[in-house]
Structures are given as structure tokens and as C-alpha cells.
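Heavy-atom basis, side chains included; hydrogens, waters and symmetry copies ignored.
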Amino acid sequence: MHHISDILVLGSGLAGLGYALKVADFATVNLVTKREVTETSTRMAQGGIAAVLGPDDRFEYHVQDTLTVGEGLSHPDIVELVVHQGPERIHELVSLGAHFDAGAFNGFDLGREGGHSHRRIIHAHDMTGAEIERILVEKAQSHPNIQIFENHMGVDLITREKMVRRGGVVFNVEESCLGAYVLNTRTGEVDTFLAAITLLATGGAG
């Protein structure tokens with residue numbers, strides 16, 4: 001069976017659902033997940049989210065804390081990006097309908113954990129991941145441009161090699177992705193998902 005969309009997303013955790021919701025306002029999205037849409041590592045995450053939300057906290061403090069505990073393994077540019085975007089992403093989740101524990105720090109109950117020098121951890125009780133997954137799934141399921149395929153597992157990417165010629169000479173080879181072959185675990189059939197853009201949001205081992 002063939003499925004065609006503007007964008008194909010593999011994975012239904014925070015990354016996959018978040019991206020799908022971002023692009024679905026101007027593109028059609030097929031989202032593939034190997035089990036039920038809510039069975040993800042995101043849902044199982046009990047810890048909180050760190051973001052600069054307290055009155056005495058600063059981005060540079062959060063960046064330094066992260067680099068310190070990373071012990072040289074963290075990429076400083078990525079740390080800077082994530083830390084600076086943190087508060088905006090939190091408020092975006094709240095605007096979608098996510099509920100975090102309320103408190104005196106800009107409306108949030110901020111905890112201090114691990115290697116953090118300031119109070120910057122928000123929680124949804126001890127089920128923070130489940131709360132994030134809940135609201136993202138709810139929004140994705142109700143979006144007219146998103147179609148979710150549960151119990152579908154990615155098998156292989158569909159790629160095409162393209163030779164680039166300059167002055168009649170082959171300069172290099174570019175490989176483009178056209179989608180993925182996906183196993184329907186209920187029927188045992190491999191379906192073809194074609195898309196202009198394919199996002200892999202399958203997590204670490206996936």
C-alpha cells in the first residue's frame with residue numbers, strides 16, 4: 001500500500017509530535033509509530049524540565065551548569081541553543097494546554113536538582129513526560145493535516161542518488177530521501193510511505 005504526504009515523521013514522542021504540529025498548519029503529515037501513539041519514552045519520563053524561569057536565574061548560569069556536568073561531552077553551541085529556547089518552549093506547551101505544578105516563580109513550582117545551581121526544574125507531579133505526551137497526542141489527533149499510523153515500524157529509508165555535473169564532469173553524488181518502507185505489524189505487510197521530507201524522531205536506540 002502507498003501513502004503519500006508532504007512530510008513523513010517516524011516516531012511519536014516529544015520530538016516527532018512537536019515537529020508534526022509545527023508543520024501541519026501548512027503541510028500534510030503522516031506520522032508513523034511502532035506501537036500505540038502514547039507508548040513512548042516521552043510518556044515514561046518522570047523527571048522535570050529545566051528552564052530559566054526564576055527571577056534570580058540567568059541563561060549563562062544554566063549554560064555553565066550544563067557544560068560542567070557534561071564534563072566535555074556537551075556541544076557548547078547546542079547547549080546555548082537549547083538553554084536559550086527553553087522558556088519559550090515551556091510557555092508553548094502551556095499554551096497548548098499542558099499543566100505543570102503551580103508555584104511562586106512566574107507561576108511555576110521550580111525545583112533544584114542535580115547539578116543545577118538555581119531553582120529551574122518544572123514538574124507535572126512525577127509524570128511530567130506523560131503530561132507532555134497527553135497534550136501533544138490530543139492536539140495531533142485532532143489536527144486535520146496529521147494522520148497517525150499506529151503499530152507501524154520503519155524498515156528502511158527510500159533513497160535516490162543524484163550525480164551533480166559541472167562542466168560535464170561528475171562532481172559528487174547527492175543522496176535524497178523520498179520516504180520509507182514501513183512494516184504494518186498487524187498485517188505483516190510492508191507499506192510505502194512517500195514524502196518530500198522525512199524526519200527521524202525514533203529516539204536513541206530506535
In the structure I gave you, are the side-chain heavy atoms of [X] and [Y] within less than 4.5 Å of one another anywhere?
X	Y	value
Ile146	Ile148	yes
Asn184	Val190	no
Val9	Ile7	yes

Donor-acceptor contact present, side-chain [X] to main-chain [Y], <3.5 Å:
X	Y	answer
Glu150	Val37	yes
His62	Glu60	no
Asp191	Val182	no
Ser74	Pro76	no

Distance only, no hydrogens: is a donor on one side chain within 3.5 Å (strictly under) of an acceptor on the other, for Gln64 and Thr68?
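A donor-acceptor contact under 3.5 Å links the two side chains.
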
Test item: side-chain donor near acceptor, His116 and Arg112, under 3.5 Å
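Distance-only check fails for His116 and Arg112.
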
According to the interplanar angle, ranging from 0 to 90°, do the rings of His118 and Tyr61 count as parallel (below 30°), tilted (30 to 60°) or perpendicular (above 60°)?
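Parallel: the ring planes of His118 and Tyr61 meet at under 30°.
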
Minimum-distance pair of heavy atoms, taken over all atoms of [X] and [Y]:
X	Y	result
Gly48	Ile121	CA-CG2, 3.8 Å
Gly16	Leu31	O-CD1, 4.0 Å
Glu133	Leu17	OE2-CD1, 3.8 Å
Thr198	Leu157	CG2-CD2, 4.2 Å
Gly86	Ala51	C-CB, 4.0 Å

Between Leu194 and Ile158, does the side chain to side chain contact (heavy atoms under 4.5 Å, CB included) criterion hold? Intermediate values first, please.
CA-CA 8 Å; Leu194 299 175; Ile158 303 170; 3.9 Å; yes

Considering only NZ, NE, NH1 and NH2 on the basic side and carboxylate oxygens on the acidic side, decide whether Asp56 and Arg119 come within less than 4.0 Å.
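Between Arg119 and Asp56 there is no salt bridge, as every charged N stays at least 4.0 Å from the carboxylate O atoms.
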
For Leu8 and Leu10, what are the C-alpha separation, side-chain angles and deciding distance, and is it a side chain to side chain contact (heavy atoms under 4.5 Å, CB included)?
CA-CA 7 Å; Leu8 171 64; Leu10 302 178; 4.2 Å; yes

Hey, mind stepping through Ser176 and Leu178 against side chain to side chain contact (heavy atoms under 4.5 Å, CB included) and telling me if it holds?
CA-CA 7 Å; Ser176 58; Leu178 307 178; 4.3 Å; yes

Rounded distance [0.5 Å steps], CG in Leu67 versus CG in Leu73
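Result: 11.0 Å between the selected atoms.
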
Decide yes or no on side chain to side chain contact (heavy atoms under 4.5 Å, CB included) for Glu113 and His123, but give the supporting numbers first.
CA-CA 12 Å; Glu113 301 174 3; His123 290 270; 2.7 Å; yes

Determine which pairs satisfy ring pair (Phe, Tyr, Trp, His ring centres under 6.0 Å) with at least one residue from residues 68-87, sequence neighbours left out, and list them in order.
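Passing the test, one end in residues 68-87: Phe59-His84.
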
Measuring centre to centre across the rings, with the benzene-like ring taken for any Trp, is Phe149 within less than 6.0 Å of Phe193?
yes

Table please: side-chain donor-acceptor pairs of residues 21-29 below 3.5 Å, with sequence neighbours left out.
unit_1	atom_1	unit_2	atom_2	d
Lys22	NZ	Glu92	OE1	3.3
Lys22	NZ	Glu92	OE2	2.6
Asp25	OD1	His143	NE2	3.0
Thr28	OG1	Asp6	N	2.9
Thr28	OG1	Asp6	OD2	3.1

Contacts of type side-chain contact (heavy atoms from CB on, under 4.5 Å), residue Met153, not counting sequence neighbours
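Met153 satisfies side-chain contact (heavy atoms from CB on, under 4.5 Å) with Lys34, Thr185 once adjacent residues are dropped.
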
Option among Thr33, Thr38, Thr202 that satisfies the side chain to side chain donor-acceptor pair (under 3.5 Å) test with Ser12
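Running side chain to side chain donor-acceptor pair (under 3.5 Å) over Thr33, Thr38, Thr202 with Ser12 returns exactly one hit, Thr33.
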
